[in-house]
There are 4 protein chains.
Amino acid sequence: MFIQIDMHSSVPIYKQLKTAIISSILSGKLKEGDRLPSVRQLGSDLGINLHTVNKAYNLLKDEGYIIIHRNQGAIISKPTKAGKEDLTEFANALLPIVIEIRARNITRTQFDELMDVIWEQDMIGGDNDEHR
Amino acid sequence: MFIQIDMHSSVPIYKQLKTAIISSILSGKLKEGDRLPSVRQLGSDLGINLHTVNKAYNLLKDEGYIIIHRNQGAIISKPTKAGKEDLTEFANALLPIVIEIRARNITRTQFDELMDVIWEQDMIGGDNDEHR
Amino acid sequence: MFIQIDMHSSVPIYKQLKTAIISSILSGKLKEGDRLPSVRQLGSDLGINLHTVNKAYNLLKDEGYIIIHRNQGAIISKPTKAGKEDLTEFANALLPIVIEIRARNITRTQFDELMDVIWEQDMIGGDNDEHR
Amino acid sequence: MFIQIDMHSSVPIYKQLKTAIISSILSGKLKEGDRLPSVRQLGSDLGINLHTVNKAYNLLKDEGYIIIHRNQGAIISKPTKAGKEDLTEFANALLPIVIEIRARNITRTQFDELMDVIWEQDMIGGDNDEHR
DNA sequence: GTGGTCTAGACCACT
DNA sequence: GTGGTCTAGACCACC
C-alpha cells in the first residue's frame, strides 16, 4: 500500500484514496482476498482523518471492490463489475476536459499519445511490471 | 446560444456554462466579435442567477476567451491560447476517470471509439450546419 | 489633438480622455488659449458618446485646466495649480501599484529606470519635440 | 493581521484587502506557512461580508500568494513570482498618476523623495520590529 | 468548523 | 441597460 495523497489538490482526499485503491487493484498490487489496513492504521499512515478513510472504504464497498467485515476489516473482493452499461456517464465526465484540451489546439494525435501514457500508468509511485 | 444546463449535476452551473460557451466557440457557433447575451438576459433565459452567469463570464475573460466591456457586455475575443505547455494538468484530470473506465473492463479500443464520438462532438443539441 | 482611447481598457473612457488632454497640455501640444473641439466633434472623432466627452471636459473645468464658455466651447486656461499640497493623495494611489511591483521582485533601480521612461513620456501617439 | 480597510475609498474593499495581505507578506509579517483567518473570522473582524473576503482570498490564490485548503483555510505559499515579464502593465497603471503629479509642478526629484517613502513602507500602522 | 456555490436584492459607474 | 461591487442568507462537501 504505497498511496500518495496530494493534500494540496482540490480533489477530495477520500476520492483520491478511493481512486488509488482501485488503481492498485487494477495493477495487481492488491489481489482478491488481500486485507486493507484498518481505517485507523491507514489514516495515521497517511496523516488524514480516519473518517475520511472510512468514507473511501464505504464507497469501495458500495461499488463492489471490497467487502467490509465488521471485525476483520476490509477485504478485496472478486471483480464483479459487469461493465460497459453506462458509457455515457464517462462521456459526460470526459467531455468538458476534452473541450478544454481542444481549446489548447492539441491535436487528436497528441491526445492519443497522452492517453497512451495515462492508460498504462499505475498510480503515482507505482511500479508497473505485470498488468496487461 | 442554445445552452443546456443540468441543474442536478454535481458540476457547478458556472462551470457548465463556461464549458458550453468554449464549446460553442470551438464549433464555430460563436465567432470572434460576436456578443454574448448580458448576464441578466442569459441568467433569466437559463433560469439561473445573474451572478452565476457573471462568474462564468469572468472566468472566460481571465482565460482570454472573451473581452468584457463595461457597457457593452461580453465579446468573443481572438483565440490566443498558446497551448501545449501544461499537459500534466489534463493528465491529472483524466487519470481518475481512466482508472474507473479500466475498472469496468473497457478495452483501449472501446475507449478510443468512445473518444472518437466525444472528440468530434459539438455541443449537446447543437445543430451546426449553418456556420460557414 | 491626436488622442488615443483604448476601448478595451478597464479605465473609464472619460478618465482616459481627461488624462490625455492634461498630458497634451503638459507636453505643450495644447497651450493657454487654445480651443478644444466641441464635445460633438471630439465624440464623433473618437467614436465615443458626447456625454462621455462632456464628463471629461467638466472634470477638467473643475480642476482648473480649462474654462468652458457657454457658446464658445472649451479653452485651455492658465496653469494655476498651486501644487504640492496633497502628496498623500498620490502616495495612496501609488502604494498598491508599488506593492505589486515589489512582489514581482523588481528592484528599486529597475523601477527608477521604468520611471525614467514614464516620466518623459508624452501620451501614447505623442510626438515629443519641444518640452523640457 | 492588522489590516486597515477604508470603507469610503473608491478602491474596492476586496482589492484593498488583497493589497494589504500582499504587503504583509512582503514586509515579513506573514510568512510561508502562516494561516490567514477564515473568511468568516476576518469578515467579522473587519466588519465586511465574508464573500468580499473570499473574493480577495481567491485572487490571492490565483496569483499564487496563498493556497486554499478546503477545510483548513488559507495558507501563505512559497513566493514563486517569476517576475519582470510585463512591466508595461505597471507602466500603464503608473502613467496617469504621473501625469497628474507632473501637472502639479512636482519635480522628478521631489517625486523620487516621495517614492523613497512609499517604497520602504510596510503597511499602514505596521510595527515590524519583531519579524526575524 | 472550513471554503464552494447559488440565490437575491441593492447601489453604483459608465455609456 | 451594462457589468462591478457589496451584502445577506442559505445549503453543501469536506474533514
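Letters A, B, ... are given to chains in the order of the sequence lines, protein chains preceding strands, and every chain is numbered from 1. Note: hydrogens, waters and symmetry copies are ignored here, and every other heavy atom, side chains too, is used. Worth saying up front: this structure is predicted, and the values here are computed from it rather than measured.
- The partner of E:dC14, taking Watson-Crick or G-U wobble pairs whose two distances both stay under 3.5 Å, is F:dG1.
- Summarising the geometry, the separation between CD1 on D:Ile66 and C1' on E:dG3 is reported as 11 Å, rounded to the nearest angstrom.
- Remark: the backbone N or O of A:Lys55 is not paired with any side-chain donor or acceptor of A:Asn58 at under 3.5 angstrom.
- Annotation: the span from B:Thr88 atom OG1 to B:Leu95 atom CG amounts to 12.0 Å, rounded to 0.5 Å.
- Closest-nucleotide positions on DNA chain E for B:Leu50 and C:Tyr14 were compared, and the one nearer the 5' end corresponds to B:Leu50.
- One atom, CG of D:Leu46, and another, C1' of F:dT5, lie 17 Å apart when rounded to the nearest Å.
- As judged by a 4.0 angstrom heavy-atom cut-off over every strand, B:Asn58 is placed among residues touching the sugar-phosphate backbone only.
- When distances run from any side-chain atom of D:Lys15 to the nucleotides E:dT5, F:dT5, F:dC11, the shortest one goes to F:dT5.
- Under 4.0 angstrom from either OP1 or OP2 of E:dT15 there lies no side-chain N or O belonging to C:Lys55.
- Along DNA chain F, the nucleotide closest to D:Gly47 and the one closest to B:Lys61 are compared, and the more 5′ of them pairs with B:Lys61.
- Separating the CG atom of B:Asp6 from the C1' atom of E:dC6 is a distance of 15 Å, rounded to the nearest angstrom.
- F:dG3 atom P lies 13 Å from atom CG of B:Asn49, rounded to whole Å.
- Remark: C1' of E:dC14 and NE2 of C:His8 are 17 Å apart, rounded to the nearest angstrom.
- Using a 4.0 Å heavy-atom criterion, one finds that D:His51 contacts the bases of the nucleic acid, with or without backbone contacts as well.
- If you take CD1 on A:Ile99 and CZ on A:Arg104, they are separated by 12.5 Å, rounding to the nearest 0.5 Å.
- Residue B:Ser38 places at least one side-chain N or O under 4.0 Å from the OP1 or OP2 atom of F:dT2.
- Atom CG of B:Asn54 and atom P of F:dT2 are 13 Å apart (whole Å).
- Listed for the B:Thr52 side chain is no donor-acceptor partner under 3.5 Å among the backbone atoms of B:Ile48.
- Here B:Thr52 reaches the OP1 or OP2 of E:dT7: one of its side-chain N or O atoms lies under 4.0 Å away.
- Atom CE in A:Met7 sits roughly 8 Å away from atom P in F:dC15 (whole-Å rounding).
- Residue side chain D:Arg70 does not reach the base of E:dG4 through any donor-acceptor N/O pair under 3.5 Å, judged by distance alone.
- The distance from atom CD1 of D:Ile68 to atom C1' of F:dC14 is 15 Å, rounded to the nearest whole Å.
- Looking at heavy-atom distances under 4.0 Å, C:Ile13 makes contact with sugar-phosphate atoms alone, never a base.
- If you check distances only, the side chain of D:Asn71 does reach the base of E:dG1 with a donor-acceptor pair under 3.5 Å.
- In this structure, A:Ala56 and A:Lys18 approach most closely via the heavy-atom pair CB-N, 4.1 Å.
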